[in-house]
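Notes to accompany the following structure.
For reference, positions follow the sequence shown, starting with 1.
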Amino acid sequence: MPNLDLQLKDLDIFHGFIRRHIGPGPKDEKAMLAELGMESLDQLLDKVVPESIRRRKPLAVKSSLSERQVLQRLYEISIRNQLYKSFIGMGYYNTQTPTVIERNLLRNPAWYTSYTPYQAEISQGRMEALLNFQTMISDLTGMEMANASVLDEATAAAEAMAMCHRLSKSKSDVFYIANTCHPQTIQVVCNRAKHLHIKCVIGDPFAAADNPELFGVLLQYPCSTGEVHDYRELVEKIHERKGLVTVAADLLSLTLLTPPGEWDADIVVGSSQRFGVPLGYGGPHAAFMATRDAYKRSLPGRLIGVSRDTRGEPALRLALQTREQHIRREKATSNICTAQALLAIMASMYAVYHGPDEIRRIAQRVHRLTILLTEGLRELGLEVKTKHYFDTITVDTGNATEFIMAAARSKKMNLRQVDAHTVGISLDEVSTRGDVTRLYDVFTHDHGRDVSIDDLDTRIGTALPPDLIRSSDFLTHPVFNSHHSETDLMRYMRKLQDKDLALDRSMIPLGSCTMKLNSATELIPVTWPGFGRIHPFVPLDQAQGYQQLIVELEQMLCACTGYDAISLQPNAGSQGEYAGLLAIKSYHESRGEGHRDICIVPASAHGTNPASAQMAGMKVVVVGTARTGNIDLDDLRAKCEKHSDSLAAIMITYPSTHGVFEDDVTEVCEIVHDHGGQVYIDGANMNAMIGYCAPGKFGGDVSHLNLHKTFAIPHGGGGPGVGPIGVREHLKPFLPSTSQNDGGLNKVAAAPFGSASILPISWAYISLLGRHGLPKATAIAILNANYVASRLRDHFPILYTGPNGLIAHECIIDTRVVKEFASVDDIAKRLIDYGFHAPTMSFPVAGTLMIEPTESESKEELDRFIEAMISIRNEIREIEEGRMDPDDNPLKNAPHTIDMVCADEWGHAYSRKQAAYPLPSLRDNKYWSPVGRVDNVFGDTHVFCSCPPLSDYGDDSGA
């Protein structure tokens with residue numbers, strides 16, 4: 001019977017979201033603790049977290065809010081952002097996101113909760129969408145090959161510079177940057193160059209040919225201020241000097257302009273933001289890199305390639321650089337781990353939905369409005385400096401610049417102040433005739449109606465250079481010409497999502513990846529206009545909502561980490577690593593110790609650690625691993641002593657990548673500090689620490705965080721991510737600059753606050769869980785991991801444990817004990833038949849699986865995964881005991897497609913039932929892999945990275 005005598009004060013106590021986010025209920029929690037021989041979470045945490053670093057004070061964050069309260073507060077924050085119409089340009093434009101894409105892709109957990117497609121068989125849908133993106137970029141740029149996205153345009157340009165340095169036959173270290181490039185791009189590229197010992201020269205683009213020695217050039221097409229130049233002769237001259245040419249291009253303009261690939265550019269970079277991705281105060285947006293086929297093995301980032309499966313059918317996979325950082329470490333071409341997959345998919349769907357004719361119409365309309373604006377201003381007596389242009393012009397405003405800028409703001413418009421006497425205007429997809437008239441008014445004291453747009457429209461021609469008008473076709477593949485109704489696109493996206501495994505289907509137990517719940521409440525504000533329609537370079541008084549959100553989130557993250565300051569600019573974990581190391585390097589330089597350049601990295605470190613250290617201009621020294629899995633302290637002492645005068649930093653992950661809390665972490669920090677080094681603590685495993693220990697309090701000087709892991713931003717199939725860094729007080733002056741006017745100290749992203757539009761997700765996550773829910777989430781993450789380890793230890797050895805035989809939030813199971821009968825690949829692919837994404841394979845130890853269940857998974861789901869692993873172990877045992885053919889068994893042939901199981905001839909030594917339904921529970925909820933096991937060797941020896949011909953798909957017109 002309900003207790004009807006409860007008072008309102010009792011009924012008002014509501015912790016709804018905490019129990020919605022955390023999978024196990026009280027009964028399950030008790031049962032899992034019993035499995036471990038524990039009576040309480042406190043007892044478990046006392047045995048897992050070393051007392052020397054244990055945090056006993058409550059977190060300095062507010063109590064949890066209800067979902068309704070969080071949405072209300074975020075709405076109040078969002079409306080503090082003023083929705084002026086921005087004509088600022090500089091690589092960021094208003095755009096119209098098709099609602100069918102927003103509703104069925106951006107807001108769809110089948111798309112946003114998937115992981116980077118390392119497991120090719122269960123990622124065919126999103127890889128097809130990314131292959132469409134690569135094809136779109138290759139077509140529009142005129143290049144032979146493009147990658148599956150980069151973090152932003154400025155980062156892409158910096159990566160292109162490094163790529164030119166590797167590939168150029170010139171011995172020069174000079175990289176020439178046209179002063180017509182976007183200012184933020186120049187800042188990021190110059191900052192990257194500084195640490196790679198590359199000399200940047202900035203000047204008139206056509207003066208590049210006057211430099212006797214250079215290895216590369218960066219050009220903007222059209223220029224940042226709008227002018228369209230013919231670079232063909234310049235490119236020839238640069239090539240004669242053995243230099244390579246990178247072009248930062250506007251994607252929409254390339255529907256009308258001759259693409260750089262047709263005038264022999266070597267690399268083309270840019271942003272796909274204006275293909276349906278909201279401004280979002282700077283991001284996230286999918287940038288791109290396109291290049292020659294000959295340079296494909298030097299292309300950074302991810303690359304989707306066409307291969308085949310065991311049946312000889314077409315299948316997609318990550319090609320070439322799949323795990324490059326783990327393999328090549330400090331010799332990797334880049335530290336980019338993931339990029340902007342979800343945004344690239346949105347942009348590709350924009351192209352699929354509109355097709356070449358509609359995109360060309362959009363571009364022509366933008367250009368026509370810009371011509372009308374230009375000629376109207378000229379008729380009104382203004383001097384427009386730009387001769388040939390696509391969508392951007394500059395106007396000579398003399399001494400009236402400030403007045404004109406103020407007049408624009410009074411009409412809720414933002415223009416770009418290029419310099420004291422020049423104003424820039426950029427039009428876009430959502431610009432209108434009314435906007436043009438209002439812009440006339442801004443420049444002429446409200447005399448805009450003196451110009452008749454209709455009359456002007458009959459008298460003017462194009463403003464594109466006649467010799468640079470595009471004649472080649474683009475987006476000719478059927479995929480871009482088949483889905484132009486909403487019904488067709490909706491079904492095409494549904495077809496692709498049904499091919500994949502994401503969190504909406506089952507747990508994703510990837511170690512070191514923290515695939516937790518990305519709740520609907522956290523995601524909803526991302527699509528609100530108050531967050532989505534803000535240009536990154538608006539005056540701060542128009543972005544007060546964002547400024548409030550950023551300050552509050554920084555305070556929350558400081559409370560969680562124990563650091564004194566946070567920078568939210570890095571737009572990926574890899575960029576956070578890089579920014580953290582730059583802060584350390586700048587700190588040493590400020591003390592007259594710029595010679596410190598040795599970075600110690602444990603052998604078990606994530607591959608991006610040494611790659612980031614190399615990018616920061618540091619030399620990597622590897623420290624060994626003790627038998628316990630901890631850092632070898634004797635080796636560390638010896639190497640710190642040897643490099644004492646030049647030691648810059650150590651990069652450690654905590655808890656370690658071996659899945660344990662190392663009890664000597666404070667000693668590691670002390671050893672490094674005693675030799676003048678700084679301690680960088682990788683925050684990849686922060687999900688095991690919040691509320692129980694804080695890196696800023698037990699010896700860390702700087703950490704990056706993965707908001708897309710610990711703080712609930714979804715992985716999006718390989719991005720977006722946010723990788724903020726937290727620092728102690730002495731490193732605060734060296735955080736990345738957020739100003740456009742200070743030289744860009746340690747700037748690592750194009751936008752001042754990186755991927756700002758997804759920051760509301762982490763703000764909401766922390767607010768929803770609050771002071772008590774955050775530590776509870778940590779405790780359950782540790783409980784879930786230990787429960788899985790305990791249940792599996794009789795079937796697979798647990799490779800590393802702490803002093804009490806327990807682990808942190810993830811465990812490594814050693815599958816090498818059965819390698820004679822089944823490889824780690826066999827086990828991973830067989831898990832697909834059971835409906836699961838495989839755990840992390842062969843990292844940090846080859847031949848093992850690293851499992852991280854997170855706090856969001858229920859005991860029921862954990863048991864389902866455990867039963868699958870035990871069933872697979874029993875199948876291996878049948879091979880061991882000779883009861884199953886060692887070459888023809890469910891593991892060797894996994895995954896099994898529905899075509900394989902339903903074939904007229906079976907021909908295997910095991911039954912169809914064992915292939916498809918090894919456990920009875922699968923009959924209720926079966927996932928079928930769309931392809932058989934993908935042939936990786938064939939894919940790397942036959943690299944093909946754009947949409948294959950329709951004939952390769954038989955009768956399937958989806959491409």
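- With S224 contributing its side chain and M90 its backbone, the two residues share no donor-acceptor pair below 3.5 Å.
- The backbone N or O of Q124 lies less than 3.5 Å from a partner atom in the side chain of D500, making a donor-acceptor pair.
- Screening residues 283-305 for ring-ring contact (aromatic ring centres under 6.0 Å, His included) gives Y92-H285 as the qualifying pairs, with residues at least two apart or on separate chains.
- Evaluation of the salt bridge (Lys or Arg N to Asp or Glu O under 4.0 Å) rule for D899 yields R311 as partners, not counting sequence neighbours.
- E121 and S929 are not linked by any side-chain donor-acceptor pair at a separation below 3.5 angstrom, with hydrogens and angles left out of the test.
- Between H477 and F480, the ring planes are perpendicular. Angles over 60° get that label, and only those under 30° would be called parallel.
- Checked by atom type, the side-chain pair D435/T432 shows a donor-acceptor distance below 3.5 Å.
- Side-chain contact, R302 with Y118: a donor N or O sits under 3.5 Å from an acceptor N or O.
- Under the 30°/60° scheme for interplanar angles, the aromatic rings of H367 and F390 are found to lie parallel.
- For the pair R360 (side chain) and G355 (backbone), a donor-acceptor distance under 3.5 Å is absent.
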>> As a quick check of understanding, evaluate salt bridge (charged side-chain N to carboxylate O under 4.0 Å, His left out) for D309 and R317, giving each step before the final call.
In response: CA-CA 10 Å; D309 69 3; R317 62 184 286 273; over 6 Å; no
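- Atom CE of residue M346 and atom CG of residue L342 lie 7.0 Å apart, to the nearest 0.5 angstrom.
- At a cut-off of 3.5 Å, with distance as the only test, no side-chain donor of Q273 or Q340 sits close to an acceptor on the other residue.
- For S272 and R274, the side-chain atoms include no donor-acceptor pair closer than 3.5 Å.
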